[in-house]
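Chain letters run A, B, ... following the sequence lines, proteins first, then strands; residues in each count from 1.
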Amino acid sequence: MDVTHIIESLNDAQRQAVTAPSQSILVLAGAGSGKTRVLVHRIAWIIKTQDLSSQSILAVTFTNKAATEMRGRIEKLLDYSAQAMWVGTFHGLAHRLLRRHAHEAGLPEAFQVIDSDDQLRMIKRLLKALALDEARWPPRQVQGYINGHKEEGRRARHMPETGDLYQRQMLTLYREYEQTCMRSGLVDFAELLLRVHELLRDNEKLLQFYKQRFLHVHVDEFQDTNTIQYAWLRLLTEGKNNLFVVGDDDQSIYGWRGAKIENIYSFQSDYPNHLVVRLEQNYRSTANILNAANALIVNNQGRMGKELWTEDGDGEPISLYAAFNEQDEAYFVVERIKKWVELGGLRSEAAILYRSNVQSRLFEERLMSGGIPYRVYGGLRFFERAEIKNALAYLHLIAHANNDSAFERVINIPNRGIGPKTIEDLRSVARDERISLWQAVNKLVLSGVITARTKRVLNSFIDVINNLIEQAEGLALHEKVQRAVEHTGLIDFHKKEKGEKGEARVENLQELVNAARQFDYEEDNTEGLNELDLFLAHAALESGEMQGDQYDDCVQLMTLHSAKGLEFKLVFIVGVEEGLFPSPRSIEDPSRLEEERRLCYVGITRAMQILYLSYAESRRIYGRDTYPKCSRFIKEIPSDKIQEIRMGATISRPVSMAKSGFSPRQQKTAFQLGQRVSHVKFGEGVVLQVEGEGAQERVQVNFTAVGMKWLMLAYAKLEAIA
DNA sequence: TTGTTCCAGCTTTTT
DNA sequence: GCTGGAACAA
């Protein structure tokens with residue numbers, strides 16, 4: 001069999017990983033070293049050389065995007081459709097297994113998947129039901145507690161009834177939450193993974209079946225796996241020596257949501273005969289960029305160790321811009337992007353990366369006033385929008401009227417005159433009788449203890465749902481969706497909304513009908529489930545593309561986190577300041593600080609040709625002026641790799657001008673704002689404000705060593721430095 | 001039931 | 001300094 005095309009384009013290390021004999025393999029793949037390529041080629045290689053059916057392959061990723069891309073590339077390499085191959089996200093695959101084996105897993109056949117937003121709402125409702133104060137038991141904290149334990153594989157019933165009030169209360173909440181979910185047949189994201197783990201662990205026959213089926217198991221972004229995901233992989237591969245994982249400990253940036261870098265170490269002890277392959281040759285960035293990244297990351301302890309190199313030249317030095325303030329920073333970046341475009345670069349080749357989403361605003365404003373198209377990543381995705389979730393809630397009720405979560409969401413949307421009082425009554429009936437809200441409302445309208453008005457409005461809701469259920473019979477999926485958005489009054493409700501918002505929402509609802517029409521039933525369906533259930537699961541598991549047209553030539557704005565896996569010719573990492581990046585919440589804790597450093601490493605290694613780092617001498621945060629210091633990460637990069645950019649006179653502008661827009665103008669004072677100065681006693685600093693005239697003239701200087709000082713110019717011997 | 005005001009809180013994000 | 005949610009008034 002001719003397999004040369006699979007390996008001929010690979011370098012030595014890549015080829016070693018791809019062609020290694022069957023055994024457990026850990027590929028430590030540096031940024032831009034061809035990680036996905038190795039994974040894809042390995043799978044193709046295995047299938048070809050061992051003459052396997054593609055159904056013997058299991059490949060797991062974290063995002064749907066990565067899964068889709070991987071499948072596409074494998075099919076292209078093999079030149080046939082590998083429909084039977086299980087390629088998907090941990091959650092997607094877990095969902096598929098649970099659908100197949102709902103009964104064995106102890107779930108109702110019609111279980112429904114809820115996303116984190118639904119989960120949070122449920123927790124809030126639970127707190128209300130238990131009469132607990134949200135201020136004392138913050139819902140997000142409860143959510144974190146529940147998910148945290150699930151990710152570690154712990155059920156409420158496994159946990160000891162000990163500890164302080166806090167511990168016991170949280171445990172109660174966890175237990176109640178589990179019960180509520182079970183009653184309504186709801187499964188959250190963490191539950192998908194935990195259930196599957198329990199299913200395989202406790203069901204020897206099933207486990208053996210899947211162990212025999214999946215001859216080779218592959219994992220992408222292995223450094224991001226959490227405890228339960230790793231345990232799941234362990235079950236499937238134990239004793240079989242067939243686990244192939246690709247990851248980069250230096251790019252582990254999701255520790256805060258449960259990812260365990262330690263899994264990389266565990267792998268090495270759990271699979272004694274494993275092979276480790278390092279991919280260190282980088283095909284993305286210039287040597288200067290790689291050297292900076294290498295120099296930064298060596299400051300972390302306990303790394304697996306890896307040093308990126310390239311055959312390419314040094315390229316441009318890395319530029320560092322010390323902005324006068326955050327406005328100036330945005331101004332500078334946008335000017336450089338303009339220049340890039342003038343010289344023939346594409347806007348889409350330029351990215352502005354920041355630590356936190358709030359930083360995007362200034363850049364957006366600058367880009368907008370400069371007439372430069374841009375695209376901001378992040379924010380609400382399609383299936384997460386309120387109007388979409390409302391429509392989905394109606395669909396959930398069609399599929400499963402006892403879904404309390406969906407019921408509460410839309411009982412009064414659009415307004416039917418069902419207020420909190422009535423809803424509270426429904427809840428108490430449901431609670432007392434241990435029935436669902438849907439059953440409760442049906443009971444209540446027959447009971448005679450309510451007013452005629454309440455009875456009327458409740459009946460109107462019951463009719464809406466019953467009609468939907470009756471009409472749904474025999475309709476195509478998109479027709480069901482169509483009805484759910486029209487006959488419930490959702491479309492009219494949003495049409496009445498003033499402003500463009502309403503219009504956009506109506507459009508989104510129509511888009512939902514479209515999405516349903518295009519929904520590929522076959523693709524997701526391997527278990528003979530009904531189409532509506534699958535569509536709803538799809539909506540929860542795949543929250544939809546980010547907004548905006550990818551194909552337009554736009555400057556890309558995103559957080560450093562979302563930049564992982566991407567590359568751009570021109571990269572700006574902005575706000576590289578102590579207290580912003582690293583974030584103040586991470587500074588105290590060494591392991592979190594290391595994660596911030598890895599985040600910086602991820603950012604640097606996104607750049608192919610040109611990298612700018614910038615920070616501001618003065619920045620408004622939450623309405624207060626702060627005078628941050630340049631980030632320690634900048635200092636960890638050898639200064640000979642960095643070229644400092646001084647704008648000198650051209651950037652000087654008073655603070656008041658900075659606020660009202662930019663018209664750079666010369667100051668008549670002795671010192672320009674932003675001017676670097678030196679003081680005999682205080683050392684070096686930057687002029688931030690100038691006040692008064694003549695003998696009364698004072699300047700505010702931020703000194704590197706001693707911080708902010710106001711100095712009388714007449715007395716202080718300040719010297720300008722270049 | 002809707003609109004207004006007040007107040008806390010405020011990384012990162014996929015599924 | 002802005003936002004989302006909750007408490008309040010009309």
Side-chain angles (χ1 to χ4, degrees), chain A residues 60-67 88-95 113-121 124 128 133-135 138-141 143-144 147 150-151 187-194 196 220-221 224-226 228-229 252-259 326 353-362 377-381 383-384 386 412-422 453 457 498 537-544 546 558-565 575 579-587 592 595-596 598-600 602-603 619-626 659:
Chain A
V60 200
T61 62
F62 277 86
T63 66
N64 291 298
K65 194 174 147 209
T89 62
F90 277 100
H91 294 85
L93 296 169
H95 175 247
V113 181
I114 56 170
D115 66 17
S116 5
D117 181 60
D118 299 328
Q119 183 185 39
L120 191 64
R121 284 162 170 273
K124 285 184 180 169
K128 225 171 237 150
D133 183 8
E134 282 197 12
R140 291 204 167 275
Q141 214 169 309
Q143 184 178 33
N147 290 340
K150 284 191 178 185
E151 275 157 15
V187 174
D188 62 48
F189 289 142
E191 184 74 25
L192 284 169
L193 303 172
L194 179 53
V196 163
D220 190 18
E221 306 278 16
D224 288 340
T225 50
N226 63 31
I228 200 76
Q229 286 161 339
S252 162
I253 55 176
Y254 287 111
W256 50 275
R257 63 175 200 216
E326 75 279 8
L353 311 181
Y354 35 81
R355 174 68 241 261
S356 134
N357 283 305
V358 287
Q359 292 169 259
S360 77
R361 217 196 73 237
L362 284 160
Y377 282 71
L380 277 191
R381 270 107 36 93
F383 287 113
E384 290 168 355
N412 201 31
I413 295 180
N415 282 324
R416 301 191 170 87
I418 304 174
K421 165 81 175 64
T422 312
R453 185 191 162 278
V457 292
K498 39 195 176 272
H538 169 85
L541 288 168
E542 203 162 329
S543 29
M546 303 281 198
M558 66 191 82
T559 61
L560 287 148
H561 280 91
S562 21
K564 189 167 146 213
L580 195 57
F581 187 29
S583 134
R585 297 175 178 232
S586 304
I587 280 179
R592 291 176 68 168
E595 183 153 310
E596 297 275 325
R598 293 193 290 268
L599 189 58
C600 189
V602 166
R619 178 182 299 272
R620 236 156 207 271
I621 295 178
Y622 303 138
R624 295 236 318 260
D625 280 322
T626 60
K659 276 182 200 157

Query raised in the report: Touch check for A:Asn357, heavy atoms < 4.0 angstrom, all strands: base, sugar-phosphate only, or nothing?
Result: sugar-phosphate

Query raised in the report: Base, sugar-phosphate, or nothing for A:Asn64, non-hydrogen atoms under 4.0 angstrom?
Result: sugar-phosphate

Requested in this report: Please check the phosphate of B:dT13 (OP1 and OP2 only) for any side-chain N or O of A:Thr559 closer than 4.0 Å.
Outcome: yes

**Report entry** Sugar-phosphate, base or nothing in reach of A:Gln119, heavy atoms under 4.0 Å
**Finding:** nothing

Requested in this report: Would you classify A:Phe62 as touching base, sugar-phosphate or nothing, given that sugar-phosphate means primed atoms plus P, OP1 and OP2, and contacts are heavy atoms under 4.0 Å?
Outcome: sugar-phosphate

Requested in this report: Tell me which nucleotide among B:dT15, C:dA6, B:dT12 gets nearest to the side chain of A:Trp256.
Outcome: B:dT12

Report summary line: Side-chain contact check for A:Arg257: nearest option of B:dT11, B:dT13, B:dT15 is B:dT13

Report summary line: With sequence neighbours left out, the residues meeting side-chain contact (heavy atoms from CB on, under 4.5 Å) with A:Glu596 are A:Arg355, A:Phe581, A:Pro582, A:Ser583, A:Ser586, A:Phe633

Requested in this report: Could you check whether A:Asp115 gets within reach of a base, just the sugar-phosphate, or nothing at all, counting any heavy atom under 4.0 Å?
Outcome: nothing

**Report entry** A:Ser116 side chain, from C-beta outward: closest of C:dA6, B:dT15, B:dT1
**Finding:** B:dT15

Report summary line: Sequence neighbours excluded, the answer for ring-ring contact (aromatic ring centres under 6.0 Å, His included) partners of A:Tyr254 is A:Trp256, A:His561

Query raised in the report: Base, sugar-phosphate, or nothing for A:Ser583, non-hydrogen atoms under 4.0 angstrom?
Result: base

Query raised in the report: Does a side-chain heavy-atom distance below 4.5 Å link A:Phe90 with A:Thr225?
Result: yes

